[in-house]
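Accompanying notes for the structure given below.
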Amino acid sequence: MAELPKRYDPKAVEPKWYQRWLDNRDFVANPESSKPPFSIVMPPPNITGMLTLGHVLNDTIQDILARRARMQGFEVLWLPGMDHAGIGTQTAVEKYLRRTENKTRHDLGREEFLRRVLEWQDKHGGIIIEQLKRLGCSCDWSRQRYTLDDAYAAAVQRVFVELYDKGLIYRGRRMINWDPAAQTAVSDEEVISKAQKGYLYFVRYEIVEEPGNFLEIATTRPETIMADTAMAFHPGDKRYLNLLGKHVWRPLAREKIPIITDEAIDPEFGTGILKVTPAHDTLDFEIGERHNLAIIDLLTPAGRVNCPAVPELHGLERFEARKKAAELLQERGLLAKAEPYENNIGFSDRSDVPIEPRLSEQWFLRYPKTKEALAVVRDHLIRFFPAHWEKVYAQWLENIRDWCISRQVWWGHRIPAWYRKEKSETCEIYVGLEPPPDPENWIQDEDTVDTWFSSWLWAYEIMDPQTRKKFYPTSVLVTGPDIIFFWVARMIIAGLEFKPGKSSEIGDNIPFHHVFFTSIIRDSQGRKMSKSLGNSPDPLELIDKYGADGLRFGLMRIAPTGQDIRFDERQIEEGRNFATKLWNVARFRQMHGPSDAAPQIDAQALSIFGVEVLVRLNETIDAIDSAYREYHFNLVAQHLYSFVWSDYCDWFVEAVKTDIFSEDETKKKSALAAMDLVLSATLRLLHPFMPHLTEEIWSLLALGRGSIQFEAPPEKFAFDGVANVVERRQLVSAIYETVQAGRNLRSASKLPSNRKIRFILRTNNKSISEQIPTLSRLLNSEELTLNPSYTASPGTPVAITPLGELFLAVSAGDQVRERERLDKEIARIDEEARTVAAKLQNSAFVERAPAAVVEEHRRRLNDLNAQLTKLKQAREALN
RNA sequence: GCGCGGUUAGCUCAGUGGUAGAGCACUACCUUGACACGGUAGGGGUCAGAGGUUCGAACCCUCUAUCGCGCACCA
């Protein structure tokens, strides 16, 4: 057995074990196994992405679940992969091309551009997979998938064609969200509203039928005036009723436009008149449809004004055009005023530029199975953790609108649709897996599908049939709540619609049984981690500094459920410190001879401290079990932390040093056996959180024959033949309390920690005598004597303990200091006693509270009074 | 406007009806036979506020304030 170095060195240990696990194919799932299945599909990171703390959090949680399941005897599949991230990757490569070659993708052409993306992907892609390996993730890398794998891509096409054939996918000209920077349509979910400061412009339109009279409207977008095709007010708005049917002159690109009424107008807003611009606003578009208004599109895809009729504005970028239009109106005396104004604007999640509502020909999906998708979550066939996300999910599904799935992007899954070349009124569409039989007459749609239209098949399409049969539906999905609509909801719909399960039963087709929503990690100031802020620590650096296990444990300990996490590197430091603590206490065990892989606890020889630590171990096992059931990883970590550090290291190990250093072989053996049992159990409980460290200690102490990875979680200790557990625990806690009182005495008497001092315990309790060496050790005293009739000289510091009165023998007692100390102590206890007594005098409390609670109060009061009497005696002696 | 979540020690957070907790930070003492990435002791909180239910409320109910998030609106 190799001697353990003083400090644990994760840099050497972690890669060693990870490589060994890979070599042993420990993470490879066997679909033919007779063990029950446990499966997780990894939310695929972007292929060109880098590991962020968000990934660390999510993937550590998945790893914990996978490793725990493996120990529990499940056949575990944790299936990893990557996402091609259509818009994101394309934008990155376009940026690169512009910088290096000053070219756009159109300069290169589709084929060449895609070749460049592949080149870029080969160079920068997949780094994150290596980073996940450094974190210790136990994924089945042999099954790693990519959303652009041939088989996967084929499935995406198949699904498109199937839904088209069912009439659920259709092509239509509708208002969509246009991202002028990426120059593509995006879905409603990709639009995030943000407050933006601007102006509310009050513009005067001359009434055609009443020259010299003007109608005033309020708008935030004067640059769209040229596309106005009506003016509208609410039918109930009496102010303007006389204008109905009349016209106004459009002030820019002068034209006569009608004045109409529409229920959608809010009479309270601005002047109560809306300029209707059907091409550039969703509400206006709807009004236009109701009134058959013309649609004038005056913005180019890049967001520039296209209006030769107004040369001052033609060609200007939309926000410059806004300023310029206001100036033009001002010059012509048509701008009544411009008020500073803040409103919410939809921004593109991707490009962070304002979305342009735009009329466009796109592909849409009418969602199938929305009712069923609601039902499976409502009826808990799928359970969400934390459960409150169920409501958010339901709200989305209840208000669901058709999904715009086409993207004007080249990188991705191309839409399998072709249009007949010769122009005709009704364009003929062909949708199929294969190109049409006479391809020369057809032209394929240039667009690709929304990346999420490929990801929604992820839960099953990454499994081969045999794997799917064993492992689908998956056990649990771990992901961030920010993609509950993008991904979680759509995967549920996909499962219900495409029925990839082994039967057509709903329960066999849902993609997962549980969904655990992780937290979002923020920086210490509560801001979201982002590249541009530079507030996102590099997890690889953290791994270098603290070890993967330290990072994992530290992060898990602060990971609350359903709330944001404020990241603080000090928490990671604690994780590392905990690893060192565990390492050292294992080292301590190793110094006293070889461990026993199957420690036998001799019920007769088991010390009271052994009883105590084993009870606490049992309690910890229970607490951890129930924390896991609710996915409360922070609680699991916290219980392990305090059990190891406090119960085991601070108390048990310190207490049983008496036995370990004693000549009594029975006692020594018993103490070491208890240590082995606790260490073995603790390591197994900790392994999912700190896989490398626990494997290393497991192996160095030879606590098992094979890898800890497949060891069953610890059973609770049975206490067969162990007598008087309750009484013995009471004794232990009395001893620990006495120790603390004694240490307090030392400290209050200002005696340095290293000064050896003498204590006298005055008690009639003879049975305590065999614990004197341990008490003495824990008190770091030179001598502790039992003396039932000790008479202390006045000024001797004393503490009233459950074991009796503990005196601190100091040669020259500082009477003044001791007097003060006693006064404080008396006051403290007196106050508590009064509180308890008051409660007991409350007849309502005595009658209605549970008997045990009342009894507890009575006992406490008696204790306090006894202490008071003794302390007062000691105080008397000082006068 | 609708909905969700938070507000507990200087900081990060536990705590679902019975004497307010942990870690960090702080103060004092200590290199004692696993560990200074450590040990011991200590200071520090009218649990956001107000009302209610209850013998008893950080916890349950109502309202208010405040922060964050989602949806809707956004002329």
Side-chain angles (χ1 to χ4, degrees), chain A residues 4 6-8 188 192-193 195-196 200-201 217-221 232 265-266 269-277 281 283-284 341-346 386 388-389 391-392 395-396 399 481-482 484-485 520 522 524 526 546 550 557-558 560 562-568 570-571 573-592 632 634-635 638 641-642 645-646 649-650 653-654 657 660-661 739-740 743-748 750-756 777-780 832 835-836 839 842-850 852-854 856-857 860:
Chain A
L4 277 65
K6 194 164 171 180
R7 281 229 180 129
Y8 169 64
D188 295 341
I192 43 179
S193 74
Q196 210 195 21
L200 190 58
Y201 301 91
I217 59 99
T219 179
T220 54
R221 303 199 61 187
I265 313 298
D266 174 9
F269 190 92
T271 61
I273 309 261
L274 171 70
K275 74 181 198 61
V276 186
T277 320
D281 186 276
L283 179 70
D284 294 18
Y341 186 64
E342 188 176 302
N343 65 341
N344 290 325
I345 303 273
H388 70 253
W389 292 109
K391 206 159 178 173
V392 177
Q395 211 172 42
W396 183 75
N399 299 294
D482 48 337
I484 184 170
F485 311 139
I520 292 182
R522 297 175 176 279
S524 55
Y546 304 110
R557 217 168 141 238
I558 54 167
Q563 247 177 263
D564 295 348
I565 303 180
R566 272 175 198 248
F567 181 73
D568 184 347
R570 282 178 301 191
Q571 304 288 336
E573 197 177 325
E574 272 184 58
R576 188 268 321 262
N577 294 353
F578 181 60
T580 309
K581 187 73 179 179
L582 185 70
W583 178 254
N584 274 297
V585 81
R587 233 176 113 229
F588 177 75
R589 171 63 190 87
Q590 186 245 16
M591 286 169 168
H592 296 94
H632 286 167
N634 54 339
L635 281 182
Q638 186 53 41
Y641 185 95
S642 66
W645 207 304
S646 172
C649 294
D650 290 347
V653 171
E654 292 306 324
K657 276 178 179 173
I660 287 183
F661 293 120
V739 166
Q740 284 183 311
R743 287 167 174 172
N744 178 284
L745 275 188
R746 172 204 287 274
S747 178
K750 305 253 186 260
L751 296 170
S753 311
N754 60 345
R755 170 103 62 91
K756 289 285 179 187
R777 165 184 296 278
L778 293 173
L779 284 165
N780 192 28
E832 196 185 335
T835 312
V836 178
K839 218 163 171 187
N842 181 344
S843 57
F845 168 71
V846 178
E847 283 159 25
R848 303 215 195 170
V853 174
V854 177
E856 175 63 36
H857 277 75
R860 181 76 191 142

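Below, chain A is the first sequence line, B the second, and so on; all start at residue 1. What you see below is based on every heavy atom in this structure, not just the backbone, and it leaves out hydrogens, waters and symmetry mates.
- Each of A:V836 and A:N744 was matched to the nucleotide of RNA chain B holding its nearest heavy atom; the match closer to the 5' end belongs to A:V836.
- Looking at heavy-atom distances under 4.0 Å, A:N344 makes contact with a base.
- Classification of A:R557 and A:E574 as a salt-bridged pair holds, one side-chain N sitting under 4.0 Å from a carboxylate O.
- Counting to the nearest Å, the P atom of B:A34 and the CZ atom of A:R777 are 9 Å from each other.
- Ranking B:G23, B:U40, B:G70 by closeness to the A:Q571 side chain, first place goes to B:G23.
- Rounded to whole angstrom, the span from the CD1 atom of A:I520 across to the C1' atom of B:G5 amounts to 12 Å.
- Spacing between atom CD1 of A:I484 and atom C1' of B:C4 amounts to 11 Å, rounded to whole angstrom units.
- Distance A:D284 CG to B:C73 C1': 14 Å, rounded to the nearest Å.
- Not counting sequence neighbours, A:Y201 has no partner by the side-chain hydrogen bond (donor to acceptor under 3.5 Å, both in side chains) test.
- Checking B:A14, B:A34, B:C30 against the side-chain heavy atoms of A:N634 singles out B:A14 as nearest.
- Nucleotide B:U19 forms a pair with no other nucleotide shown, judged by Watson-Crick or G-U wobble geometry with both contacts under 3.5 Å.
- Ranking B:C29, B:G3, B:G18 by closeness to the A:F845 side chain, first place goes to B:G18.
- Minimum atom distance to the side chain of A:H388 is reached by B:C4, of the listed B:C4, B:G23, B:C35.
- The nucleotide B:C71 finds its pairing partner in B:G1, both defining distances of the Watson-Crick or G-U wobble pair being shorter than 3.5 Å.
- B:A57 makes up no base pair with any nucleotide shown, lacking Watson-Crick or G-U wobble contacts both under 3.5 Å.
- Using a 30° and 60° split on the angle between ring planes, A:F661 and A:F588 fall in the perpendicular class, above 60°.
- The distance from atom CG of A:D266 to atom P of B:C73 is 13 Å, rounded to the nearest whole Å.
- In this structure, the nucleotide among B:C29, B:A34, B:G18 sitting nearest to the side chain of A:K839 is B:G18.
- Rounded to an integer number of Å, the gap from A:L283 CG to B:C74 C1' is 10 Å.
- The CD atom of A:E847 sits 9.0 Å away from the CG atom of A:N842 when rounded to the nearest 0.5 Å.
- Using a 4.0 Å cut-off, no side-chain N or O of A:R576 falls inside it from OP1 or OP2 of B:C37.
- One interatomic measurement links the two molecules: CZ of A:F588 to C1' of B:U32, which rounds to 13 Å at whole-angstrom precision.
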